[in-house]
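A quick write-up on the structure given underneath.
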Protein chains: 2
Amino acid sequence: MNPKKVPESTISRLFVYLREVIELTRMSINTISSAELGERTNLSDTQVRKDLGYFGQFGVSGSGYNTHELKSQLEKILGKDKVWNVAVVGAGHLGRALLAYPGFQNHGLNIMAAFDIDAKKVDKQVNDIAIKSLDDAPRVIKEKNISIGIIAVPAKEAQDVANRLVSAGIECILNFAPVSLTVPEHVKIKDVDLSRELETLSYFLANKKNN
Amino acid sequence: MNPKKVPESTISRLFVYLREVIELTRMSINTISSAELGERTNLSDTQVRKDLGYFGQFGVSGSGYNTHELKSQLEKILGKDKVWNVAVVGAGHLGRALLAYPGFQNHGLNIMAAFDIDAKKVDKQVNDIAIKSLDDAPRVIKEKNISIGIIAVPAKEAQDVANRLVSAGIECILNFAPVSLTVPEHVKIKDVDLSRELETLSYFLANKKNN
DNA sequence: CAATGTTTGTGAATATTGTTACAAGGTTTT
DNA sequence: AAAACCTTGTAACAATATTCACAAACATTG
């Protein structure tokens, strides 16, 4: 299925292309060149072509890519036809923001459950989802066939939550806690560290001044 | 100040090391080897040494790194002695979660202002910060000497907001909107695209099944 | 329909990032 | 204080990722 190994950065960019191509089809633009698509996504034309090249030949020399075809090809490549069930652990500000975020549905991601250890939060309702005790997680994760877990708890508790999710059968984790989690080989983990992102910006600012 | 160009990924990892080293000093551990530090951060020992090597020689052959010294060196390198003022644009769920996030203060980041276009939200108070009209942004950004802007508005409005921030003098943008923004060369932009992160995970899941 | 202009797809060249290997320097043991 | 042991720092190497460059394919023009 993957003739040559595709870099993760390519996958990430494919989503960007798809987003743009969807916008183009909405605007009834039927054709786009790699150069234009690159311009719209702040990437080079070759980057666009090379990325797409991993998956076949969608373009037409002399005119470019048909946006409708490219859209459906990208959707197929990226598994947009599939739907995954997601659980959010941690019903603090961030967790609740995620529960309320409307974008997930459009991307084949169904938030099916939310968990917290705080008894005061348990059984409260956020956006049609009842917050459940973390102790119920193993059962609910299996019952509802959830395969993606989002960790939105404080750093201290994150490793424990990760362990519970993994032993409940979760295969992918999106981790918002600012710690390096240890998980078994087969579990895919992705860190989103907001402070770190901001701090990187502040490093950039600090060093800009020194020039 | 940068004898060799330092990869951004190195900078990002330095924050991870710092986080770990702070924890170590709290635990009164005074010395750590690159191997141990690597283990704690899920990185290789050489990676650790190479990253630190960009900035000088902090280690002692035979014993490792002094955690206290490493901590203060990293803090200096990463500009943790400096403080930056931040503005959040968009007071929806995400924007409010950011306003409520206690972590920023600890990282030399002061959220000084929040803006929204929705008149219903203007002048409401979130965590001691009054939400102001986006029209006030240029004035406030200059008055309060704000250099980092966080965009937490819907995709459609993001480019307009970016333009306003840039012309108000913002130098760094953390963008949560799922669009590719265009900004002048001198402005540093960082995208945090939650759907994209999750989608990458879902791509991973989709392709796992096919093996 | 030939001539000119575009644009793709991809090998080859380059650049960047990460890993290996090991000499040099420091620590601990006996 | 010699011997055995650890750990750093880095040069050489390997792996990845990106950019260049151009032939081949198609489109457009006169």
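Convention: sequence-line order gives letters A, B, ...; per-chain numbering from 1.
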List the atom of A/Val179, the atom of A/Asp191, and the distance in Å for their closest heavy-atom pair.
-> O-OD1, 4.2 Å
No-H, no-angle donor-acceptor pair, B/Lys50 side chain to C/dT19 base, under 3.5 Å | yes
Using a heavy-atom cut-off of under 4.0 Å over every strand shown, decide if B/Ser9 touches base, sugar-phosphate, or nothing.
-> sugar-phosphate
Classify every nucleotide of nucleotides 21-30 of chain D by which part a protein heavy atom approaches to under 4.0 Å, writing B for the base, S for the sugar-phosphate alone and - for neither, in 5'-to-3' order.
-> B---BB----
Should A/Tyr65 be listed as having a side-chain N or O under 4.0 Å from OP1 or OP2 of C/dG9?
-> yes
How many Å lie between NZ on B/Lys5 and P on C/dA15, as a whole number?
-> 11 Å
Specify the separation, in whole Å, of atom CG of A/Asp51 and atom P of D/dT19.
-> 10 Å
Which residues pass the side-chain contact (heavy atoms from CB on, under 4.5 Å) test with B/Glu23, sequence neighbours left out?
-> B/Arg26, B/Met27
Can you list every side chain to side chain donor-acceptor pair (under 3.5 Å) pair that touches residues 144-159 of chain B, not counting sequence neighbours?
-> B/Gln159-B/Asn163
What is the distance, rounded to the nearest whole Å, between atom CZ of B/Phe58 and atom C1' of D/dT10?
-> 15 Å
May I ask you to evaluate whether B/Gln47 reaches the phosphate of C/dT19, defined as a side-chain N or O under 4.0 Å from OP1 or OP2?
-> yes
Give a yes/no on whether any side-chain N or O of B/Gln57 is located under 4.0 angstrom from OP1 or OP2 of D/dT10.
-> yes
If you round to the nearest 0.5 Å, how far is CG of B/Leu24 from CG of B/Leu70?
-> 9.0 Å
Roughly how many Å is it from CG in B/Asn66 to C1' in C/dG26, rounded to a whole number?
-> 15 Å
Side-chain donor-acceptor contacts of residues 102-118 of chain B below 3.5 Å, not counting sequence neighbours, with atom names and distances?
| residue | atom | partner | partner atom | Å |
| --- | --- | --- | --- | --- |
| B/His107 | ND1 | A/Glu199 | OE2 | 2.5 |
| B/His107 | ND1 | B/Lys80 | NZ | 3.2 |
| B/Asp116 | OD1 | B/Asp118 | N | 2.8 |
| B/Asp116 | OD2 | B/Ala91 | N | 2.7 |
| B/Asp118 | OD1 | B/Lys120 | N | 2.9 |

Length of the CD-P vector between B/Glu8 and C/dT17, whole Å | 9 Å
Taken in chain and number order and not counting sequence neighbours, the residues that satisfy side-chain contact (heavy atoms from CB on, under 4.5 Å) with A/Lys190 are A/Glu8, A/Leu174, B/Glu197, B/Thr200, B/Leu201
Among residues 13-40 of chain A, which contact DNA chain C at a heavy-atom distance under 4.0 Å?
-> A/Ser33, A/Ser34
d(OH, A/Tyr54; C1', C/dT8) in whole Å = 17 Å
Applying side-chain contact (heavy atoms from CB on, under 4.5 Å), name anything that partners A/Ile170, two or more places apart in sequence or on another chain.
-> A/Ile141, A/Ile146, A/Leu165, A/Ile173
Scan for side chain to side chain donor-acceptor pair (under 3.5 Å) pairs involving residues 59-75 of chain A, sequence neighbours excluded, and state none if there are none.
-> A/Asn30-A/His68
In whole Å, what is the span from the CG atom of B/Asp45 to the C1' atom of C/dG18?
-> 12 Å
How long is the line joining CG of A/Leu52 and P of D/dT18, in whole Å?
-> 14 Å
Set of side-chain contact (heavy atoms from CB on, under 4.5 Å) partners for A/Asp160, sequence neighbours left out = A/Arg164
